[in-house]
Novice: 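For reference, the structure I am asking about is given below.
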Amino acid sequence: MSSWRFTVYTIVISLAVGAASGVLGTALTSSYLSDYAVALAELTGPLRRSQERPHPLPASYQEAVERLAESALPSVAEIYQGAPGALGFGEEDRFRIGVVLTGDGWVAVQASSAGPFSLKGANARIRGQMFEIAQSVYDGATRTIFVKVDAAGLPVAAFGKGREMQTGDQAFLAFGPASFASVRLIAHRWPGAALVSSDEPNRFLQVDREAAIGDILFNLNGEVVAIARADGAFLPMEALQPSLRSLLEHQRVTRPTLGVRYLDVAHAVQASDTLTRSLAQG
């Protein structure tokens with residue numbers, strides 16, 4: 001075979017082999033990406049179900065109450081510790097309330113600084129049905145206990161944006177699955193004159209009514225926007241979302257840390273010139 005024919009033959013064979021390799025590689029990559037997308041969808045499905053559900057504002061207060069009763073209050077869980085009495089658990093046995101985050105049983109319960117930090121073995125009543133808590137994960141940064149019950153198709157709270165609420169906005173404060181009060185947002189509580197950590201929530205909401213730990217704040221659309229802490233301030237749900245996402249993806253709460261302590265001089269109250277360096281912004 002002449003040299004030019006051999007060269008042409010080699011090029012043709014090389015192109016054929018390269019094309020076949022490309023097709024095979026594309027098929028394998030597409031298959032891998034498809035499998036990955038399916039797995040990711042299954043993993044994050046419960047999270048998407050608890051994210052934002054846009055609704056038009058209710059036309060009246062009565063419509064807002066009806067929406068709350070229909071789509072929000074069923075997601076309120078009651079947590080009971082200890083053993084039930086002869087007639088089961090009573091109101092006096094209730095430890096705290098929580099909010100259902102996923103249809104397969106993850107519930108957020110706010111803890112005090114003194115604990116308890118695990119609720120495994122306790123019981124949760126959701127939509128009238130009692131479930132034993134099978135798993136409990138504590139997030140120290142937000143003082144939240146994420147508990148898991150073995151269930152499916154639970155009523156899920158839609159997430160609203162607490163930090164976007166305006167002073168004077170009306171909302172509903174839930175004390176249980178059948179009790180609530182109308183409240184108004186009176187302030188966004190910013191860090192004061194003290195240095196705060198970059199790794200912990202430091203912006204909270206305040207309403208015109210006292211709240212117990214774990215009471216749940218819903219906006220007029222029936223979306224959960226915040227949970228009451230021990231000091232009466234409300235932790236916006238945006239602060240919980242990274243922890244929940246980590247929990248669903250890794251079965252534990254992990255978070256990046258920066259390790260910085262800082263002062264928000266734009267919202268600091270009576271901070272010294274030494275800290276603010278006479279600045280009003282930044």
Side-chain angles (χ1 to χ4, degrees), residues 43-51 53 68 71-82 84 89 91 93-112 115-160 162 172-180 201 211-218 222-230 234-253:
L43 182 66
T44 60
L47 178 62
R48 291 200 306 274
R49 287 198 294 274
S50 65
Q51 285 179 336
R53 302 173 185 170
L68 178 77
S71 63
L73 292 182
S75 68
V76 176
E78 297 174 290
I79 309 298
Y80 296 90
Q81 287 186 298
F89 290 106
E91 182 65 27
D93 300 317
R94 193 177 79 173
F95 165 67
R96 196 155 294 157
I97 65 173
V99 59
V100 179
L101 302 176
T102 67
D104 62 349
W106 281 107
V107 180
V109 183
Q110 187 69 193
S112 68
F117 305 115
S118 175
L119 290 171
K120 186 175 182 179
N123 292 273
R125 178 183 287 154
I126 304 171
R127 202 165 50 184
Q129 186 175 355
M130 195 68 72
F131 301 91
E132 182 176 351
I133 294 174
Q135 189 175 353
S136 179
V137 179
Y138 180 64
D139 177 21
T142 61
R143 298 182 188 175
T144 301
I145 311 172
F146 293 99
V147 301
K148 179 71 166 60
V149 301
D150 292 329
L154 295 179
V156 177
F159 284 177
F172 294 112
L173 181 61
F175 316 117
S179 56
F180 66 92
I213 302 176
D215 285 351
I216 303 166
L217 192 66
F218 292 94
E223 299 166 330
V224 58
V225 292
I227 301 179
R229 290 163 57 97
F234 284 81
L235 177 72
M237 290 303 293
E238 294 95 312
L240 288 184
Q241 290 183 8
S243 301
L244 176 60
R245 187 175 293 108
S246 171
L247 184 63
L248 295 178
E249 292 179 355
H250 307 295
Q251 300 303 304
R252 65 185 188 275
V253 174

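Only this structure's heavy atoms are used, side chains among them; waters, hydrogens and symmetry mates stay out.
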Novice: Using the side-chain contact (heavy atoms from CB on, under 4.5 Å) criterion, which residues pair with S136? Sequence neighbours excluded.
Specialist: S118, L119, K120, I145, V147
Novice: Residues in side-chain contact (heavy atoms from CB on, under 4.5 Å) with P84, at least two apart?
Specialist: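 If we apply the side-chain contact (heavy atoms from CB on, under 4.5 Å) test to P84, skipping adjacent residues, the hits are F89.
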Novice: Go through the structure and list residues passing side-chain hydrogen bond (donor to acceptor under 3.5 Å, both in side chains) with D215, not counting sequence neighbours.
Specialist: none
Novice: So which heavy atom on A212 is nearest to which on A228, and how close?
Specialist: O-CB, 3.3 Å
Novice: Kindly state each residue pair satisfying side-chain hydrogen bond (donor to acceptor under 3.5 Å, both in side chains) with at least one member in residues 139-148, sequence neighbours excluded.
Specialist: Q110-T144, D139-T142, D139-S243, D139-R255, T142-T144
Novice: Which residues pass the ring-ring contact (aromatic ring centres under 6.0 Å, His included) test with F172, sequence neighbours left out?
Specialist: Y61, F180
Novice: Can you pull the salt bridge (charged side-chain N to carboxylate O under 4.0 Å, His left out) pairs that have at least one residue in residues 234-243, sequence neighbours excluded?
Specialist: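 Residue pairs with at least one partner in residues 234-243: there are none.
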Novice: Could you tell me which non-hydrogen atom of V76 sits nearest to which non-hydrogen atom of G176, and how far apart they are?
Specialist: CG1-C, 3.7 Å
Novice: Not counting sequence neighbours, which residues clear side-chain contact (heavy atoms from CB on, under 4.5 Å) with V225? List them please.
Specialist: M165, L217, N219
Novice: What heavy-atom pair brings L73 and P177 nearest, and what distance separates the two atoms?
Specialist: CB-O, 3.5 Å
Novice: Please report the closest heavy-atom contact between Q251 and W106, naming both atoms and the distance.
Specialist: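 Shortest heavy-atom contact: OE1-CZ2, 4.5 Å.
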Novice: If you look only at pairs with a residue in residues 115-158, which of them pass as a ring pair (Phe, Tyr, Trp, His ring centres under 6.0 Å), with sequence neighbours excluded?
Specialist: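 Those involving residues 115-158 are F117-Y138.
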Novice: Residues two or more places apart in sequence or in another chain: which of them pass salt bridge (charged side-chain N to carboxylate O under 4.0 Å, His left out) with R125?
Specialist: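 If we apply the salt bridge (charged side-chain N to carboxylate O under 4.0 Å, His left out) test to R125, skipping adjacent residues, the hits are E78.
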Novice: Nearest 0.5 angstrom please: L101 CG to L244 CG, how far?
Specialist: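 That separation rounds to 5.5 Å.
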Novice: To the nearest 0.5 Å, tell me how far E91 CD sits from D93 CG.
Specialist: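 These two atoms lie 9.0 Å from each other.
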Novice: Is any side-chain heavy atom of I227 closer than 4.5 Å to a side-chain heavy atom of F234?
Specialist: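 Answer no - side chains too far apart.
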Novice: Kindly write out the residues that satisfy salt bridge (charged side-chain N to carboxylate O under 4.0 Å, His left out) with R127, not counting sequence neighbours, or none if the list is empty.
Specialist: none
Novice: Looking only at heavy atoms, which two atoms of P201 and A239 are closest? And how far apart?
Specialist: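 Residues P201 and A239, closest heavy atoms: CG-CB, 4.1 Å.
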Novice: Please check: side-chain N/O of S246 versus main-chain N/O of R252, any donor-acceptor pairing under 3.5 Å?
Specialist: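 Yes; judged by distance alone, with no hydrogens or angles, the pair exists.
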Novice: Nearest heavy-atom pair of A111 and P116: which atoms, and what distance?
Specialist: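 Closest heavy-atom pair between A111 and P116: CB-O, 3.9 Å.
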Novice: Picking from I133, I126, I97, what satisfies side-chain contact (heavy atoms from CB on, under 4.5 Å) with V107?
Specialist: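 In the set I133, I126, I97, the residue that makes a side-chain contact (heavy atoms from CB on, under 4.5 Å) with V107 is I126.
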Novice: First locate atom CD1 of I213, then atom CZ of F95, and finally report the distance between them rounded to the nearest 0.5 Å.
Specialist: 7.5 Å
Novice: Can you list everything that forms a side-chain contact (heavy atoms from CB on, under 4.5 Å) with S179? Sequence neighbours excluded, please.
Specialist: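 Only F175 meet the side-chain contact (heavy atoms from CB on, under 4.5 Å) criterion with S179.
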